[in-house]
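I have placed the structure first, in the form of structure tokens, so that the comments after it can refer back to it.
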Amino acid sequence: MANAKIVGLGHYIPEKVYDNAYMESIVDTNDEWITRRTGIKERRISGDSEYTSDMAAAAARMAIEDAGLAPEDIDLILLATVTPDYFTPSTACVVQGKIGAVNAMAFDYNAACSGFVVGLIIADQFIRSGAYKNVVVVAADVLSKATDYKDRATCVLFGDAAGAAVVSATEEKGIISFDMGAEGTSYDSITSLAFRKDAEEIEKRISGRRETIWMAGQAVMKFAVKAMADSSQRALDRAGLTYDDIALVVPHQANYRIVDSAVKRMGISKDKIILTIQKYGNTSASCIPVALHEAVASGRVKKGDKIILVGFGGGLTYAACVLEL
Ligand code: UT7
């Protein structure tokens with residue numbers, strides 16, 4: 001049975017910047033509050049006619065090139081997004097067409113900010129079963145297009161980005177273990193409405209735009225700390241490893257305070273964590289692959305290192321994965 005390993009990484013960050021001074025100019029907030037409560041200094045914003053598929057295609061192309069493969073070598077494209085171009089077709093199919101991955105099946109799935117890790121776990125199943133050899137997992141979102149810029153409690157948090165990995169069949173060690181789960185009773189903790197017209201939900205949105213993201217910040221924070229620490233521990237236990245074996249933990253970047261508390265619960269030192277939130281804010285499922293790509297590109301981690309990727313998000317969902325680079 002083949003192992004599934006990340007053999008290529010890519011990411012895309014749009015150029016436009018909303019810094020904290022800009023946020024101060026549009027809502028009643030300030031740099032001191034945003035920095036102290038979230039750790040965010042800047043977020044990147046997609047162009048008016050730049051969509052999830054454009055950013056996902058750029059990240060996927062880069063990951064395929066990094067893997068030394070051609071688009072025709074890809075068997076499957078798994079795309080995580082909560083801001084698709086269309087309800088149908090899937091954004092994955094749009095990306096398949098854009099990058100010329102003519103031999104690939106392509107579909108979207110939704111595990112919100114846990115999406116990239118969940119995608120790696122799905123890819124692992126297809127590869128271990130022998131069904132596919134090369135799978136692209138891509139996470140992309142234009143959260144700025146689903147942000148209520150009249151709501152200071154959410155608008156300071158979100159940015160846009162895409163991150164991608166090529167996961168291939170190999171004899172080497174790759175994905176070692178995982179843990180994932182959902183807490184659907186808390187489905188209404190983070191919402192963005194599609195067809196539902198519940199008056200109560202719409203009233204929560206200051207702008208009245210039902211597709212904008214609303215969340216119960218405090219409740220999500222509480223869930224996130226426990227979910228990330230406990231899920232990582234279960235994945236480590238399944239791998240028969242401890243944090244001493246781990247070179248880097250790449251957490252979802254929603255709030256540096258969440259990461260800080262999770263690190264304490266994990267009992268690890270801060271130098272085992274990567275933080276990108278100050279530069280990009282929360283970009284949903286792409287936070288993890290963007291941070292991972294930056295860690296690899298800067299030499300912070302290298303081939304043979306064991307790492308943990310761990311995310312949480314709407315659903316509510318969580319997912320952790322131990323892998324060897
Ligand atoms: O990836 C999706 C998952 N999402 C998350 O993980 C987000 C998790 N939650 C959070 O990161 C935090 O809950 C927030 C950053 C959203 C909020 O931080 P908090 O420490 O939980 O603040 P809070 O909601 O308890 O609000 C404290 C105060 C309130 O004022 P009062 O009622 O104490 O007078 C808010 O109105 O801070 C106020 N506030 C702000 N003040 C200045 C809320 N947003 C802002 C703001 N600027 N942007």
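Atoms within each ligand, like the ligands themselves, are counted from 1 in listed order.
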Under 4.0 Å from ligand 1 - residues by heavy atom, chain and number: Asp28, Thr29, Trp33, Arg37, Thr38, Cys113, Arg152, Ala153, Val156, Leu157, Ile190, Met215, Gly217, Gln218, Val220, Met221, His252, Ala254, Asn255, Arg257, Ile258, Asn282, Phe312
Aromatic plane relationship, Phe223 with Tyr318 - under 30° parallel, 30 to 60° tilted, over 60° perpendicular: tilted
Lys98, NZ atom: more than 12 neighbouring heavy atoms under 6.0 Å: yes
Ring geometry between Phe87 and Phe195 (parallel below 30°, tilted from 30 to 60°, perpendicular above 60°): tilted
Residues that Asp230 engages under salt bridge (Lys or Arg N to Asp or Glu O under 4.0 Å), provided they are two or more places apart: Lys226, Arg265
Residues clustering with Val95 (ILVMFWY side chains joined when closer than 4.5 Å, directly or via others): Val7, Ile64, Leu69, Ile74, Ile77, Leu79, Ile99, Val136, Val138, Val166
Qualifying salt bridge (Lys or Arg N to Asp or Glu O under 4.0 Å) pairs with a residue from residues 312-322, counting only residues at least two apart or across chains: none
